[in-house]
Asker: 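Have a look at this one before I ask anything.
Not measured: the values here are computed from a predicted model.
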Amino acid sequence: MEELPIAPNCSTAPATASPGGKGKYAFISLGCPKNLVDSERMLGLLQLDGYELVPTPEDADFAIVNTCGFIESARTESFAAIDEMLDRKRQGLLRGVIVSGCLAERQQEQLLNDRPEIDHLVGVFGREEVTKVADRLIGGLDEQRLVFKPAPVRALVDTQRMRVTPRHFAYLKISEGCDRLCTFCAIPKMRGKHATKPIEDVLTEANELAADGVKELVIVAQDTTYYGMDLYAKPRLVELLHELEKVNGIQWIRLMYLYPMYFTDELIDAIAQSDKILPYLDMPLQHINDRMLKRMQRRVNRAQTEELVGKLRERIPDLVLRSTMITGFPGETDEEFAELLEYVERERFERLGVFTYSLEPDTPAARLPNHVDQAVMEARRDELMALQQQIAFEFADQQLGTQQPVLIDSPVPEEPTAWIGRTIADAPDVDCVVYVTGENLSPGMIVDCEVVARSDYDLVAVAL
């Protein structure tokens, strides 16, 4: 969960109001792409209201930190960013600090008690009030320091964002919250129950993004395959995807956060037959042992998982599967970890992330017996990642000599003919990159390239 200090020179927002004289602010966004969409929405609202985004806190009147509160390492990163801004406030370099997002939502008054110098707290669903909060800060008003709203029945609208991704790709959030209630996860406590964004609202955003130059839509949610269940009483991801395919200008549609449940044959066919939906699926599995899956309350077992993955491999040509696994979940035995290791070796995921279990005090897993020693968790993670490194290197070697479309993301500094891009197999910020040599290229171009070498996980290619 990388810290993203947001600077105005990387934004390509449709919000058009010119900066007024209300105040200058710096913005730090932390956490996942879903949180980044919230950041972009707040940036858009602030811009429309006349606030000016500046590249660094040195030039700012105040700072906003949009936090992540998912696991301990993310909270540590969020606290560090908050404390850095508060230190600047103590030195008289900032007039105030606003803290928003998941950590604010999760800790609420506790966060303000621990760090009373925070001027305002804005919860996940209080983001629409950010301009009023900024007005109170600039005006020196101390009332209503906490802005928390209940989780919405319908997902919030994410139009008029000031985007901070490169112009040619954007995250499109299709729902809020989660109904899964996995025992290790606190997201439902922070982001509420699943709330589907209506198809017409998603299409409005997609058309706005396409008009702003987006070529790759990265579809995000807490549980993408569950899309539509609360609003339409049945999954409607397939219908949504068919409509998104019609949006002019969009060339790639990438699906993230696909829970194994509700992965229908109709959805598999929609992906397999599409010219725009990439054969790249991000499906977090977390484990393969039945007892572990039951303790995690994943509501799928090994047999169901293997059947689904086999079906995906069989029916979607050139499929790239990304997944995540957890080592050291409470009660995990050496034998159960060995089963996970064996499964990963046999399944050979093209992309895989491995995380140690994070004890979250307000989750059911925290009350489970037989917690695993931290050193054991880390050793298991390292062993699994060493195996996955071999698998990833072998997959990269298989690409040598092939011709593939590459989406150009950015130039290599001070190298006029060198570029950084991504293949269909690479989601932005989480997967590998391709170093491309070619003339007359620019960000946003999709270029046919020949892969000529591997550099660790990454590829080296020549534009054709």
Asker: Let me check something: any side-chain donor-acceptor pairs from residues 352-359 under 3.5 Å, sequence neighbours excluded? List them with distances.
Answerer:
from, atom 1, to, atom 2, distance (Å)
Ser358, OG, Glu72, N, 3.4
Ser358, OG, Glu360, OE2, 2.6

Asker: When you measure from the side chain of Ser39 to the backbone N and O of Ser29, does any donor-acceptor pair fall under 3.5 Å?
Answerer: no
Asker: Can you tell whether the side chains of Arg254 and Asp282 come within less than 4.0 Å, N to carboxylate O?
Answerer: no
Asker: Regarding Lys311 and the six-membered ring of Phe263, is the cationic atom NZ or CZ under 6.0 Å from the ring centre and inside 45° of its axis?
Answerer: no
Asker: Any sub-3.5 Å donor-acceptor pair from Lys197's side-chain atoms to Val202's backbone N or O?
Answerer: no
Asker: Would you mind checking if Arg154 and Asp230 are paired as a salt bridge, meaning a charged N to carboxylate O distance below 4.0 Å?
Answerer: no
Asker: Does the pair Arg295/Glu332 count as a salt bridge with the N-to-O cut at 4.0 Å?
Answerer: no
Asker: Please check if the number of heavy atoms outside Lys276 that lie under 6.0 Å from its NZ is greater than 12.
Answerer: yes
Asker: Closer than 3.5 angstrom, by distance alone: can the side chain of Arg322 be matched with the main-chain N or O of Val430 as a donor-acceptor pair?
Answerer: yes
Asker: Just list the side-chain donor-acceptor pairs under 3.5 Å for residues 338-346, sequence neighbours left out, or say none.
Answerer:
from, atom 1, to, atom 2, distance (Å)
Glu339, OE1, Asn289, ND2, 2.7
Glu339, OE2, Arg302, NH1, 2.9
Glu342, OE1, Arg302, NH2, 3.4
Glu342, OE2, Arg346, NE, 3.1
Arg346, NH2, Glu306, OE2, 2.6

Asker: Check the angle between the aromatic planes of Tyr25 and Tyr51 and answer parallel, tilted or perpendicular using the 30° and 60° thresholds.
Answerer: perpendicular
Asker: Step through the shown structure and confirm whether more than 12 heavy atoms of other residues, nucleotides or ligands are within 6.0 Å of CG on Asp265.
Answerer: yes
Asker: Less than 4.0 Å between a side-chain N and a carboxylate O, is that true for Arg348 and Glu394?
Answerer: yes
Asker: Less than 4.0 angstrom from a charged side-chain N to a carboxylate O is my criterion; do Arg422 and Asp431 meet it?
Answerer: no
Asker: Please determine whether the number of non-hydrogen atoms from other residues, nucleotides or ligands lying under 6.0 Å from atom CG of Asp362 exceeds 12.
Answerer: yes
Asker: Give a yes or no answer on whether the side chain of Arg167 reaches the backbone of Asp212 with a donor-acceptor pair at less than 3.5 Å.
Answerer: yes
Asker: Can you check whether Glu105's main-chain N or O pairs, donor with acceptor, with Gln108's side chain at less than 3.5 Å?
Answerer: yes
Asker: In this structure, which one of Val309, Thr305, Leu285 forms a side-chain contact (heavy atoms from CB on, under 4.5 Å) with Pro260?
Answerer: Leu285
Asker: State plainly whether the residues Glu243 and Lys246 are in salt-bridge range, i.e. N to O under 4.0 Å.
Answerer: yes
Asker: Does Glu336 use its side chain to pair, donor to acceptor, with the backbone of Thr333 at less than 3.5 Å?
Answerer: yes
Asker: One thing to verify: whether Glu176 and Arg191 come together as a salt bridge, which I'm taking to mean a side-chain N less than 4.0 angstrom from a carboxylate O.
Answerer: yes
Asker: Are any side-chain N or O atoms of Thr225 and backbone N or O atoms of Met261, one a donor and one an acceptor, separated by less than 3.5 Å?
Answerer: yes
Asker: Take a 6.0 Å sphere around CD of Glu245 and say whether it holds more than 12 heavy atoms from other residues, nucleotides or ligands.
Answerer: yes
Asker: Any sub-3.5 Å donor-acceptor pair from Asp290's side-chain atoms to Asn301's backbone N or O?
Answerer: no
Asker: Once you round to the nearest 0.5 Å, how far does CZ of Phe337 lie from CE of Met325?
Answerer: 11.0 Å
Asker: Can a donor-acceptor pair be found, under 3.5 Å and without considering hydrogens, that links the side chain of Tyr226 to the backbone of Thr196?
Answerer: no
